[in-house]
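Only a predicted model underlies this, so the values are computations on that prediction, with no experimental measurement involved. Along the sequence shown, residues carry numbers from 1.
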Amino acid sequence: MKMMIKFRPDSISAARYTALMGLLFAVSAALNWLESLFSAFLPAGMRIGLSNIAVMLAILCVNVPSALLLTVLKSCFVLMTRGATAGAMSLCGSLAAFIVTALLFRKTKASYVLTSVLAALAHSMGQLCAACMLLKTASVFAYFPVLAASSAAAGVLTGVALKVIFPEMVKAFGSTGHIR
């Protein structure tokens, strides 16, 4: 018996699903590009994490498998625009953040801000794990306190942004999630 992952929920048509996922990917790519403009003003390796808003919206408005697909596509975009190292770092960090976000949104009543902060911390840990493997040294974890502080600040920013954006997405597209 084959197990099939169902990306498109029964509640929306294929055209609506494709449009929504295309929109979420475009928003993710645009926010990722916008973040790169700010990264020159931030300490090495730090990003705001705005593109994760699209993944959080996918978890809330579509479903978890679609959000995972968006997470992988987002990392492919980084791979194509910034190279293999950035792509690997993005994938490891994004998958860690995705797991935390999916678990908290689906299994708890954690707020958007708390979820976003914990996802940002997981993203930083995922990236440090990738850096540890790429550089073959655990000394990269010495950078965690700096990343943790910036992750907490970025998580608050993205959590507040999600709290503002999500009700508008529900009005525009509907949702299988619920407003917190």
To the nearest 0.5 Å, tell me how far [X] [atom1] sits from [Y] [atom2].
X      : Y      : atom1 : atom2 : value
Gln127 : Cys132 : CD    : SG    : 13.5 Å
Leu162 : Leu50  : CG    : CG    : 11.5 Å
Ser90  : Arg82  : OG    : CZ    : 7.0 Å
Leu128 : His123 : CG    : NE2   : 11.0 Å
Phe141 : Cys129 : CZ    : SG    : 4.0 Å

Walk me through whether Arg106 and Asn63 qualify under side chain to side chain donor-acceptor pair (under 3.5 Å).
CA-CA 10 Å; Arg106 292 297 178 211; Asn63 59 22; over 6 Å; no

Any donor-acceptor pair under 3.5 Å linking the side chain of [X] with the backbone of [Y]?
X      : Y      : value
Thr81  : Phe77  : yes
Ser116 : Gly155 : yes
Ser150 : Leu147 : yes

Do [X] and [Y] have side-chain heavy atoms sitting under 4.5 Å apart?
X      : Y      : result
Val113 : Thr158 : no
Leu95  : Leu68  : yes
Val27  : Leu24  : no

Do [X] and [Y] share a hydrophobic cluster, counting only Ile, Leu, Val, Met, Phe, Trp and Tyr and linking them when any side-chain heavy atoms are less than 4.5 Å apart?
X      : Y      : result
Leu91  : Met80  : no
Met89  : Phe144 : no
Leu37  : Leu31  : yes
Val140 : Met133 : no
Trp33  : Leu79  : no

List in chain and number order the residues that pass side-chain contact (heavy atoms from CB on, under 4.5 Å) with Ile99, two or more places apart in sequence or in another chain; answer none if no residue qualifies.
Leu103

Minimum-distance pair of heavy atoms, taken over all atoms of [X] and [Y]:
X      : Y      : answer
Val78  : Gly87  : CG1-N, 3.9 Å
Ala88  : Ala130 : O-CB, 4.2 Å
Val156 : Val117 : N-CG2, 3.6 Å
Ala154 : Ile48  : CB-O, 3.0 Å

Assess the residue pair Ser94 and Thr71 against the criterion (side chain to side chain donor-acceptor pair (under 3.5 Å)); give the C-alpha distance rounded to whole Å, side-chain angles, the decisive distance to 0.1 Å, and a yes or no.
CA-CA 6 Å; Ser94 294; Thr71 299; over 6 Å; no

Contacts satisfying salt bridge (charged side-chain N to carboxylate O under 4.0 Å, His left out) that involve residues 24-36 (not counting sequence neighbours) are Glu35-Arg47

Which residue pairs pass the salt bridge (charged side-chain N to carboxylate O under 4.0 Å, His left out) test when at least one of the two sits in residues 50-68, sequence neighbours left out?
none

Passes side chain to side chain donor-acceptor pair (under 3.5 Å), Ser66 versus Tyr17? Steps please.
CA-CA 10 Å; Ser66 295; Tyr17 174 78; 2.7 Å; yes

Which of Val55, Val72, Leu70, Asn52 passes side-chain contact (heavy atoms from CB on, under 4.5 Å) with Phe98? It is Val55

Let me know which of Thr101, Leu104, Thr115 forms a side-chain contact (heavy atoms from CB on, under 4.5 Å) with Ile59.
Thr101

Show your reasoning for whether side chain to side chain contact (heavy atoms under 4.5 Å, CB included) applies to Met56 and Tyr112.
CA-CA 9 Å; Met56 292 188 285; Tyr112 294 145; over 6 Å; no

CA sep, side-chain torsions, deciding dist, call: Ser28, Ser51, side chain to side chain donor-acceptor pair (under 3.5 Å):
CA-CA 5 Å; Ser28 174; Ser51 63; 4.6 Å; no

